[in-house]
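Numbered from 1 within each chain, the chains take letters A, B, ... in sequence-line order.
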Protein chains: 2
Amino acid sequence: MNIGDVARQSGVPPKTIRYYEDIGLVRPKRSENGYRAFTQKHVHKLAFLGRARALGFTIEDCRTLLALYEDENRESMQVKAVAEEHLRQIDEKIGKLQSMKATLSELIDKCAGDHRPDCPILADLSPNNPSAKE
Amino acid sequence: MNIGDVARQSGVPPKTIRYYEDIGLVRPKRSENGYRAFTQKHVHKLAFLGRARALGFTIEDCRTLLALYEDENRESMQVKAVAEEHLRQIDEKIGKLQSMKATLSELIDKCAGDHRPDCPILADLSPNNPSAKE
DNA sequence: ATGGCGCTTCCAGCAACTGGAAGGTCAAGC
DNA sequence: GCTTGACCTTCCAGTTGCTGGAAGCGCCAT
């Protein structure tokens, strides 16, 4: 199977598949003509990767998950550990974003948004403002 | 003032200040010896940038905000517009992360996390799973 | 044989820094 | 006067995960 077919079947774009080969996530053989020769197994793997990435796992996480996926002797706690750590990272990101959102919303509320130059948003960003964190 | 002092006073690391000069956010003069010569105004600007970045504004947003900050004839609606657009982006990110979090939490809950290989997390990532989105 | 796709490689770029190497400067101490 | 060490300078590379584009083959149909 050529890269285009695999892309269609797995939902992972050709460019990305080549990149994944570069970093060793998939290792297709080559045909006589130099084309990458994929099997159904590769399609499978790539779809797996696509889903893991969609859940926000890093490439390194994906490498680990893929290895566990293919390891008959894995223990589900290994998988769970990776997922839990990832969940922590997500929570952290959400927390930061929500804190930004809170500040930003507040400032936006206070800003008249008219034709006058006075603006609480700029005032807050200004170092003259004593409400600086750190 | 040398870069180190400015870094201490503004909270922006020297490397970052040099980078900001590279991309034209600050334009310090140079001393005889080739050192960057900063003024209090630069400290001010850099602190402003530091805060804007901490609120998650992109560098391009920062460029815009800084220009508005220094423009006596700005209209607060211009600032507000930038902030509102940024808030939208943040909301979008939060939404995506929360959706990931929801899926991930669910899977983690379902996973025994023991010594057996069976794992709902891997099962969900597997393309054999019909619950695929997209 | 001529299109027009599809495949290949390699190089560059995105965002926003950050680390490190190689080297010049400056003030202090002996 | 010389060394030490903390600064400063520039430039290059790496981070994350692709994505776009150029140049150049292969393959199939007309």
Next on the checklist: Could you walk me through whether A:H44 and A:Y69 satisfy the side chain to side chain donor-acceptor pair (under 3.5 Å) test, starting with their C-alpha distance in whole Å, then the side-chain angles of each, then the deciding distance to 0.1 Å, before giving a yes or no?
Outcome noted: CA-CA 11 Å; A:H44 203 86; A:Y69 184 56; 3.1 Å; yes

Checklist entry - Below 4.5 Å, heavy atoms only, C-beta onward: do B:R53 and B:I59 meet side chain to side chain? => result yes

Next on the checklist: Tell me the closest heavy-atom pair linking B:I94 and A:Q98, and the distance in Å.
Outcome noted: CD1-CG, 3.8 Å

Item to check | d(CG, B:L49; P, C:dC17) in whole Å | outcome: 9 Å

Next on the checklist: Base contacts versus sugar-phosphate-only contacts with protein, heavy atoms under 4.0 Å: please encode nucleotides 9-24 of chain D as B, S and - from 5' to 3'.
Outcome noted: BBB-----BBSBB---

Checklist entry - What is the distance, rounded to the nearest whole Å, between atom CG of B:D5 and atom P of D:dA6? => result 16 Å

Checklist entry - To the nearest Å, how far apart are B:I23 CD1 and C:dC14 P? => result 12 Å

Item to check | Separation of atom CD1 in A:I17 from atom C1' in C:dG6, rounded to whole Å | outcome: 13 Å

Next on the checklist: Minimum heavy-atom separation for B:L107 and B:D124, please, with both atom names.
Outcome noted: CD2-CB, 3.6 Å

Checklist entry - Taking atom NZ of A:K80 as the centre, does the number of heavy atoms from other residues, nucleotides or ligands within less than 6.0 Å exceed 12? => result yes

Checklist entry - CD of A:E32 versus P of C:dT8: gap in Å, rounded? => result 15 Å

Checklist entry - What heavy-atom pair brings A:V12 and A:I17 nearest, and what distance separates the two atoms? => result O-CD1, 3.3 Å

